[in-house]
Amino acid sequence: MAEKALITIGDKQYELPIIIGSENEKAIDITKLREMTGYITLDNGYLNTGACSSGITFLDGENGILRYRGIPIEQLAEKSTFTEVAYLLIYGKLPNDAELQDWNHHLTRHTMIHEDLKRLFNGFPKDGHPMAILSCLIASLSTYYQDSYDPENPEHRQISMVRLIAKFPTLAAFAYKKSIGQPAVHPINSLDYCSNFLNMMFSVPAEGYHVDPEISKAMNLLLILHADHEQNCSTSTVRLVGSSLANIYAAISSGICALWGPRHGGANQEVLEMLQGIKEKGWTVKQVIENAKDKNSTFRLSGFGHRVYKNFDPRAKIIKKACDNVLNKLGIKDPLLDIAKELEEAALKDDYFVQRKLYPNVDFYSGIIYRALGIPTNMFTVMFGMGRLPGWIAQWKEMIEAPGMKIGRPRQIYTGPTEISYSDAKKK
Ligand code: ACO
């Protein structure tokens with residue numbers, strides 16, 4: 001007999017179904033709770049709420065496990081490419097050679113952007129944050145593809161997904177070039193995904209540019225590590241916006257805004273600025289740790305802590321190792337890496353961090369690699385977004401294609417004033 005949960009309210013007992021996931025994760029299905037009892041559940045910040053069932057990514061925060069479609073992240077990081085991982089996340093299986101070739105062909109056929117869209121870049125201030133520019137540009141793509149963005153049409157879904165993955169690097173690189181006053185560099189479709197992006201970022205019309213394969217390889221690794229992370233803040237945002245049947249460009253644009261925040265993807269920029277502060281402003285590691293522990297201060301140790309991981313973030317382990325490798329191969333000695341290691345060591349020994357199970361997360365070391373690759377600090381979160389894009393898309397597609405998809409609409413417990421007439425309220 002299927003297991004049930006029993007809930008007692010007053011002198012009444014109610015039975016609720018138990019759902020068990022493929023990795024034996026257990027949930028109480030409360031969909032009918034309010035109908036049966038008049039009660040809702042309250043879960044500020046969704047600490048304990050499963051918002052959907054999903055077959056894409058498995059994350060076990062207690063044991064530091066992360067798998068995409070069942071495949072351990074460590075193996076994908078070692079053996080795969082970003083576009084292959086994107087296919088895996090979106091279509092649920094690794095592509096065979098012909099499928100991968102076809103997929104890569106489509107991703108490179110759609111890299112260009114409409115000439116009119118380029119004019120939008122001129123409206124932004126030179127120092128505008130690239131995440132703001134990017135979210136705006138991604139939403140604006142919907143104005144160019146009005147005939148093919150119906151989320152309920154499978155063909156429209158397919159072409160929109162391809163367009164997004166193909167055009168994201170072009171838009172990101174154009175935004176960067178604009179910010180430094182250089183001419184936009186157009187995509188070259190004979191280059192692979194990462195090399196094409198690097199070429200658009202760093203080449204100039206006046207001289208040749210050679211994409212260093214080590215740099216392209218390191219970027220590929222970082223994008224794979226960022227590609228999905230189940231129901232995090234930005235992914236949940238994409239699902240919520242998408243659940244209204246807004247088009248995919250609108251949904252992804254809102255995910256970019258959610259990712260921007262310093263408690264989420266924006267942490268990679270904050271980490272670098274924090275490390276630079278230690279180096280340049282004479283802060284000591286001890287001061288930074290004390291400041292992060294001080295409850296009168298809003299400062300947090302950026303790149304530390306995670307809602308789900310109460311153990312090492314497996315991505316942080318891979319990135320830390322890659323950091324040493326990449327810097328060695330490129331012959332770079334970055335004092336910020338030494339400071340980061342010192343900071344990590346000090347935090348991991350400190351009772352405050354130990355008791356709260358705060359470990360380095362994916363953002364702690366990623367900025368140091370991006371810096372070594374020549375990516376400017378304010379583009380770090382854009383890089384994260386480029387990596388997360390296939391995850392957002394896969395989650396959006398899974399939601400749209402699920403039978404009985406419902407608009408996301410949480411409830412609340414109202415704590416405001418009880419009814420008062422307009423004239424009585426005026427007298428107060
Ligand atoms: N520095 C100092 N204290 C911290 C930190 C930190 N980085 N992270 C959590 N804490 C403390 C909190 O103050 C809280 O202490 P308390 O119990 O005494 O009140 C306790 O640890 C639990 O923290 P919460 O904020 O309740 O944990 P939550 O799961 O809501 O937050 C989060 C997770 C947002 C990631 C948090 O750890 C944080 O702000 N970290 C720094 C920002 C960061 O690195 N974000 C990137 C996350 S990974 C990603 O999104 C890609």
Side-chain angles (χ1 to χ4, degrees), residues 1-62 151-152 228-248 250-251 254-255 257-259 261 263-264 305-310 356-357 391-392 394-428:
M1 210 175 76
E3 229 183 319
K4 301 260 182 214
L6 286 181
I7 172 163
T8 308
I9 302 176
D11 56 1
K12 288 210 176 112
Q13 232 183 20
Y14 306 89
E15 264 189 5
L16 294 168
I18 286 192
I19 311 286
I20 302 182
S22 52
E23 289 284 349
N24 208 26
E25 288 181 305
K26 296 181 176 134
I28 301 170
D29 179 351
I30 53 135
T31 328
K32 297 258 182 301
L33 184 69
R34 186 168 181 276
E35 200 179 303
M36 284 159 67
T37 67
Y39 286 70
I40 63 163
T41 54
L42 186 62
D43 183 18
N44 190 14
Y46 307 121
L47 269 88
N48 199 39
T49 294
C52 60
S53 305
S54 175
I56 301 172
T57 289
F58 174 66
L59 203 177
D60 175 346
E62 273 72 35
E152 295 188 295
D228 194 45
H229 214 231
E230 51 117 302
Q231 308 313 316
N232 56 84
C233 176
S234 54
T235 303
S236 301
T237 303
V238 169
R239 277 188 178 254
L240 195 59
V241 175
S243 78
S244 73
L245 293 185
N247 68 69
I248 188 171
S254 58
C257 293
L259 185 72
R263 295 247 164 129
H264 191 13
H306 198 275
R307 169 61 62 77
V308 184
Y309 292 119
K310 301 300 167 199
R356 290 169 179 76
K357 300 191 173 131
W392 288 332
Q395 300 270 351
W396 170 86
K397 177 172 176 284
E398 180 181 64
M399 176 191 72
I400 296 282
E401 291 176 357
M405 194 270 286
K406 286 195 185 310
I407 186 168
R409 204 301 187 187
R411 285 184 178 266
Q412 64 162 17
I413 294 294
Y414 174 70
T415 57
T418 51
E419 184 175 356
I420 180 167
S421 73
Y422 176 80
S423 35
D424 286 348
K426 266 292 213 200
K427 283 182 218 147
K428 279 202 171 176

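Computation of the quantities below employed the complete heavy-atom set of this structure, encompassing side-chain atoms and omitting hydrogens, waters and symmetry-equivalent molecules.
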- Message: Please verify the inter-ring angle class for H229 with Y309; under 30° counts as parallel, over 60° as perpendicular, anything in between as tilted.
- Response: tilted

- Between CD1 on residue I7 and CD1 on residue I28, distance to nearest 0.5 Å: 7.5 Å

- Message: Enumerate the salt bridge (charged side-chain N to carboxylate O under 4.0 Å, His left out) contacts for residues 17-38, please, sequence neighbours excluded, ordered by first and then second residue.
- Response: E23-R67

- Query: Tell me the salt bridge (charged side-chain N to carboxylate O under 4.0 Å, His left out) pairs involving residues 399-418, sequence neighbours left out?
  - Reply: R157-E401, K397-E401

Side chains of residues 8-18: which donor-acceptor pairs under 3.5 Å do they make with residues two or more places apart or in other chains?
| unit_1 | atom_1 | unit_2 | atom_2 | d |
| --- | --- | --- | --- | --- |
| T8 | OG1 | Q13 | NE2 | 3.4 |

- Query: Are any non-hydrogen side-chain atoms of P410 and Y46 less than 4.5 angstrom apart?
  - Reply: yes

- Report the distance from atom OG1 of T37 to atom CD1 of I40, rounding to the nearest 0.5 Å. 10.0 Å

- Item | Nearest non-hydrogen partners of P151 and W396, listed with the distance | CB-CZ2, 3.8 Å

Donor-acceptor contacts under 3.5 Å from residues 48-61 side chains, at least two apart:
| unit_1 | atom_1 | unit_2 | atom_2 | d |
| --- | --- | --- | --- | --- |
| T49 | OG1 | D43 | OD2 | 2.4 |
| S54 | OG | I56 | N | 3.4 |
| S54 | OG | E398 | OE1 | 2.7 |
| S54 | OG | E398 | OE2 | 3.4 |
| T57 | OG1 | D228 | OD2 | 2.6 |
| D60 | OD1 | E62 | N | 3.1 |
| D60 | OD1 | N63 | N | 3.1 |
| D60 | OD2 | N63 | ND2 | 2.9 |

- Note on the structure: Correct closest heavy-atom pair for Q395 and E230 would be NE2-CA, 3.7 Å

Contacts under 3.5 angstrom, residues 412-426 side chains, donor-acceptor by atom type, not counting sequence neighbours:
| unit_1 | atom_1 | unit_2 | atom_2 | d |
| --- | --- | --- | --- | --- |
| Y414 | OH | P417 | O | 2.6 |
| S421 | OG | D424 | N | 3.1 |
| S421 | OG | D424 | OD2 | 3.4 |
| D424 | OD1 | K427 | NZ | 3.1 |

- Message: How close do A251 and S254 get, counting heavy atoms only, and between which atoms?
- Response: O-OG, 2.6 Å

- Given the rule in the side chain to side chain contact (heavy atoms under 4.5 Å, CB included) test, do E3 and I20 qualify, once you have shown the distances and angles that lead to the verdict? CA-CA 10 Å; E3 229 183 319; I20 302 182; 4.2 Å; yes

- Listed by chain and number, what are the side-chain hydrogen bond (donor to acceptor under 3.5 Å, both in side chains) partners of S234, not counting sequence neighbours? N232, H264, W392

- Task: Considering non-hydrogen atoms only, spot the tightest contact between S243 and L240 and give its length.
- Result: OG-O, 2.7 Å

- Can you list the steps and then say if I400 with M405 is a side chain to side chain contact (heavy atoms under 4.5 Å, CB included)? CA-CA 6 Å; I400 296 282; M405 194 270 286; 4.1 Å; yes

- Quick one: does T235's side chain have a donor or acceptor within less than 3.5 Å of a partner on Q231's backbone? no

